[in-house]
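Down below is the structure, laid out as structure tokens.
Excluded from the calculations below are hydrogen atoms, water molecules and symmetry mates; all remaining heavy atoms, backbone and side chain alike, are included. Just so we're on the same page: letters track the sequence lines, and every chain starts at 1.
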Protein chains: 2
Amino acid sequence: MATIYQVAALAGVSPATVSRVFNGRPVSDEKSKLVREAASTLAFTPNRTARSLRKQSSEVLALIIPDIENPFFTAMARGVEDRAQAAGFSVVLCNTDDDPGKEATYLQIALSENMAGVILVPASDQSDLSSIIASGRPVVTVDRTTAFDVDHVMIENEPAGASVTTALFDAGFERVACIAGPETVVTATDRARGWRHVVEARGGYDSELLLKIANYRVDGGRAAMAELLAEAETPDAVVVTNNLMGVGALQVLNEHGLTPPAFGVGVIGDLPFTTLSPGLISLVHLPTRDLGTTAVKMLVSRIAGNREPARTVLLPGELAVASVHT
Amino acid sequence: MATIYQVAALAGVSPATVSRVFNGRPVSDEKSKLVREAASTLAFTPNRTARSLRKQSSEVLALIIPDIENPFFTAMARGVEDRAQAAGFSVVLCNTDDDPGKEATYLQIALSENMAGVILVPASDQSDLSSIIASGRPVVTVDRTTAFDVDHVMIENEPAGASVTTALFDAGFERVACIAGPETVVTATDRARGWRHVVEARGGYDSELLLKIANYRVDGGRAAMAELLAEAETPDAVVVTNNLMGVGALQVLNEHGLTPPAFGVGVIGDLPFTTLSPGLISLVHLPTRDLGTTAVKMLVSRIAGNREPARTVLLPGELAVASVHT
DNA sequence: AGGGTCGCAGAAATCGATTTCACAATCAAG
DNA sequence: CTTGATTGTGAAATCGATTTCTGCGACCCT
């Protein structure tokens with residue numbers, strides 16, 4: 001790795017001039033040419049560590065997500081990556097496992113590595129952003145809210161829950177259950193609320209009896225579906241509030257010989273790797289990639305100096321018959 | 001963000017002493033206590049940028065993969081994350097999209113960020129590791145080989161292809177086709193070779209007629225399966241050489257009303273998010289997470305100074321009837 | 001012709017840690 | 001009671017870039 005001093009020596013100029021050439025500050029054509037030639041013969045690339053120490057900021061964004069194995073988050077990460085790269089940033093991906101301790105560690109690392117900004121899917125509504133906010137580094141939260149006043153990108157969860165529930169009633173199902181996520185995650189409770197409103201308007205049964213809380217993962221969906229099937233008065237359809245629980249619920253239904261449309265299934269979130277026939281389940285397509293690109297857009301604008309009050313962007317889900325094909 | 005100088009001033013010692021306390025070098029108990037107290041009242045955490053500039057190395061590993069949306073790689077990333085964190089490293093995840101240009105950029109970034117080492121799933125067998133090797137930074141390649149002599153972790157691909165093919169013949173199928181990946185990826189060709197050997201021994205037909213090359217993604221699997229079904233003499237079973245193409249093939253079969261076991265399906269690689277009934281397809285479970293943990297283990301040993309000749313570790317796949325449950 | 005402005009370029013300071021070096025104090029061995 | 005080794009500590013150098021400060025020369029304007 002060549003340094004700026006070696007380039008300067010070879011070009012016969014000062015290191016300051018080399019720096020200026022690489023940062024687009026005014027340098028005479030003559031010296032600029034000398035520097036460029038020297039840099040290319042030495043295969044010089046500026047040391048990012050030194051640069052970011054001096055500038056107190058780097059061209060790296062932190063993306064902190066709860067579960068790297070969830071296609072929802074990887075699709076979002078994909079959006080973040082693409083847009084960030086286009087804006088000249090690279091992305092550090094951190095996995096919290098929904099553990100507030102790990103989350104705190106990664107936020108700390110983002111600070112001490114002088115990262116330009118953070119895109120965070122909070123592990124819970126209790127996540128502590130105070131130190132990173134105090135540092136002045138921009139933060140955008142995605143998909144789940146916190147108590148802090150920061151830029152935020154989120155899906156219209158309640159309408160998503162309502163529309164898929166409506167679709168099931170419209171299809172003729174009469175007892176539509178719900179598998180919801182943990183109560184500390186607003187995304188989950190909002191979607192369940194959408195379901196509850198529709199049930200109260202059209203169901204004619206006590207919604208609480210057909211609501212199960214699960215852990216947002218495949219095994220959670222399996223357990224909740226199994227419980228529902230063991231109820232005295234079983235449902236004839238179910239709304240599942242995220243993709244992984246949807247997979248779990250479908251597995252259990254399958255094992256009981258209850259494949260859709262014999263049993264109504266509505267899922268909020270895409271199921272990119274299932275092999276279901278199209279059209280058999282109701283599904284709300286979520287704009288996951290847009291979630292990522294929007295977050296980067298907002299973050300980059302903050303990094304560029306935008307000081308307006310924090311904004312919240314809501315992206316709509318889209319009711320689709322099914323989207324098993326990629 | 002407090003600096004080491006502020007801590008030193010508050011504790012009444014020199015910055016060098018503060019550094020020594022945090023790096024476990026001998027310091028008198030008295031001063032050590034003063035430093036610790038000062039550090040905790042100031043909430044001091046050392047600036048990683050400054051540290052890595054001085055030490056010429058950081059506690060960050062680069063993980064460069066072709067596709068962050070592929071569950072195979074995310075499971076591997078998960079293994080890398082867990083093990084790296086246990087060893088005190090954080091992980092930067094980079095997505096190449098199988099693009100050698102992006103790959104080269106990320107390798108360059110890894111160098112200029114002084115990262116401790118690189119775990120790379122090469123975009124192709126042409127990947128150029130010369131500059132990173134010249135720099136002396138350790139590299140471990142995973143899953144796919146290159147022309148360079150570096151540590152390597154890989155799956156026993158040919159036996160995987162052979163065993164799943166054998167399983168299909170044993171189950172009574174007679175014309176077992178194969179959907180293979182691109183020829184620039186050894187993983188793909190090795191698995192196909194395993195299939196070919198078994199077909200030549202037991203098939204009694206020309207293997208070339210039932211071999212399709214596809215792009216390793218869902219759409220590739222779909223296209224190849226569609227082609228196979230359009231052949232004059234159609235197969236009655238298929239071996240698909242990776243997970244995503246397996247999903248595509250199953251989708252197309254499903255659309256043609258040919259669900260297993262009416263049509264034999266063998267897949268090399270897990271299908272974590274499918275809702276298939278267990279036992280209907282033959283499947284080779286791949287130790288993806290182990291791939292990641294093993295790579296980290298090797299890399300960390302290099303970082304610690306291990307100078308032995310490059311090693312290759314082979315991990316076996318495991319024939320399972322199915323593994324749709326997570 | 002003298003004073004002011006402007007543009008370019010080098011010297012030196014800076015970012016915040018680690019590490020070398022030098023020195024003093026303590027201790028063990030001869 | 002020296003001599004030599006060991007230990008703890010601070011001053012200063014260092015990593016490699018950016019940025020401020022400063023000076024030089026060219027140019028313009030009364």
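- For the pair A:Arg20 and A:Ala2, nearest-nucleotide mapping onto DNA chain D gives the more 5' position to A:Ala2.
- Rounded to a whole Å, the CG atom of B:Leu53 is 8 Å from the C1' atom of C:dA17.
- Salt-bridge annotation for A:Arg144 and A:Asp98: present, with a side-chain N of the basic residue lying under 4.0 Å from a carboxylate O of the acidic one.
- Rounded to whole angstrom, the span from the CD atom of A:Glu30 across to the C1' atom of C:dC8 amounts to 11 Å.
- Ion pair A:Asp82/A:Arg78 flagged as a salt bridge, since at least one NZ, NE, NH1 or NH2 atom sits closer than 4.0 Å to an Asp/Glu carboxylate oxygen.
- Nucleotides of DNA chain C nearest to A:Pro15 and A:Gln56 differ in position, and the one nearer the 5' end is that of A:Pro15.
- Regarding A:Lys55, its NZ atom lies at a distance of 18 Å from the C1' atom of D:dC15, rounded to whole Å.
- With distances taken from any side-chain atom of B:Ser14 to the nucleotides D:dT18, C:dT18, D:dG10, the minimum falls on D:dG10.
- Rounding to the nearest 0.5 Å places OG1 of B:Thr3 at 9.5 Å from CG of B:Asn47.
- One can place CG of A:Asn23 at 9 Å from C1' of D:dA17, the figure rounded to the nearest angstrom.
- Across C:dA17, D:dT18, C:dG10, the shortest atom-to-atom separation from the side chain of B:Pro46 is found for C:dA17.
- Under the 3.5 Å distance criterion, with hydrogens and angles disregarded, a donor-acceptor pair is assigned to the side chains of B:Ser32 and B:Arg36.
- When the C1' atom of C:dA17 is taken as reference, atom CG of B:Asn114 falls 13 Å away, rounded to whole Å.
- With distances taken from any side-chain atom of A:Ala16 to the nucleotides C:dG10, D:dA17, D:dG10, the minimum falls on C:dG10.
- Side-chain atoms of B:Arg54 and base atoms of D:dT14 include a donor and an acceptor less than 3.5 Å apart.
- The separation between B:Phe22 atom CZ and C:dT18 atom P is 9 Å, rounded to whole Å.
- Within the 4.0 angstrom heavy-atom criterion, only backbone atoms of the sugar-phosphate kind lie near B:Val27; the bases stay farther away.
- Judged by distance alone with a 3.5 Å cut-off, no donor-acceptor contact links the side chain of B:Arg48 to the base of C:dG16.
- Computed from coordinates, the A:Leu34 CG to C:dC8 P distance equals 16 Å when rounded to whole Å.
- When each of A:Thr17 and B:Asn47 is assigned the nucleotide of DNA chain C bearing its nearest heavy atom, the one mapping closer to the 5' terminus is A:Thr17.
- One atom, CE of B:Met1, and another, C1' of C:dC15, lie 13 Å apart when rounded to the nearest Å.
- Nucleic acid contact class of B:Thr3 (heavy atoms, under 4.0 Å, all strands): sugar-phosphate only.
- By the 4.0 Å N-to-carboxylate-O rule, B:Arg289 lies close enough to A:Glu69 to be salt-bridged with it.
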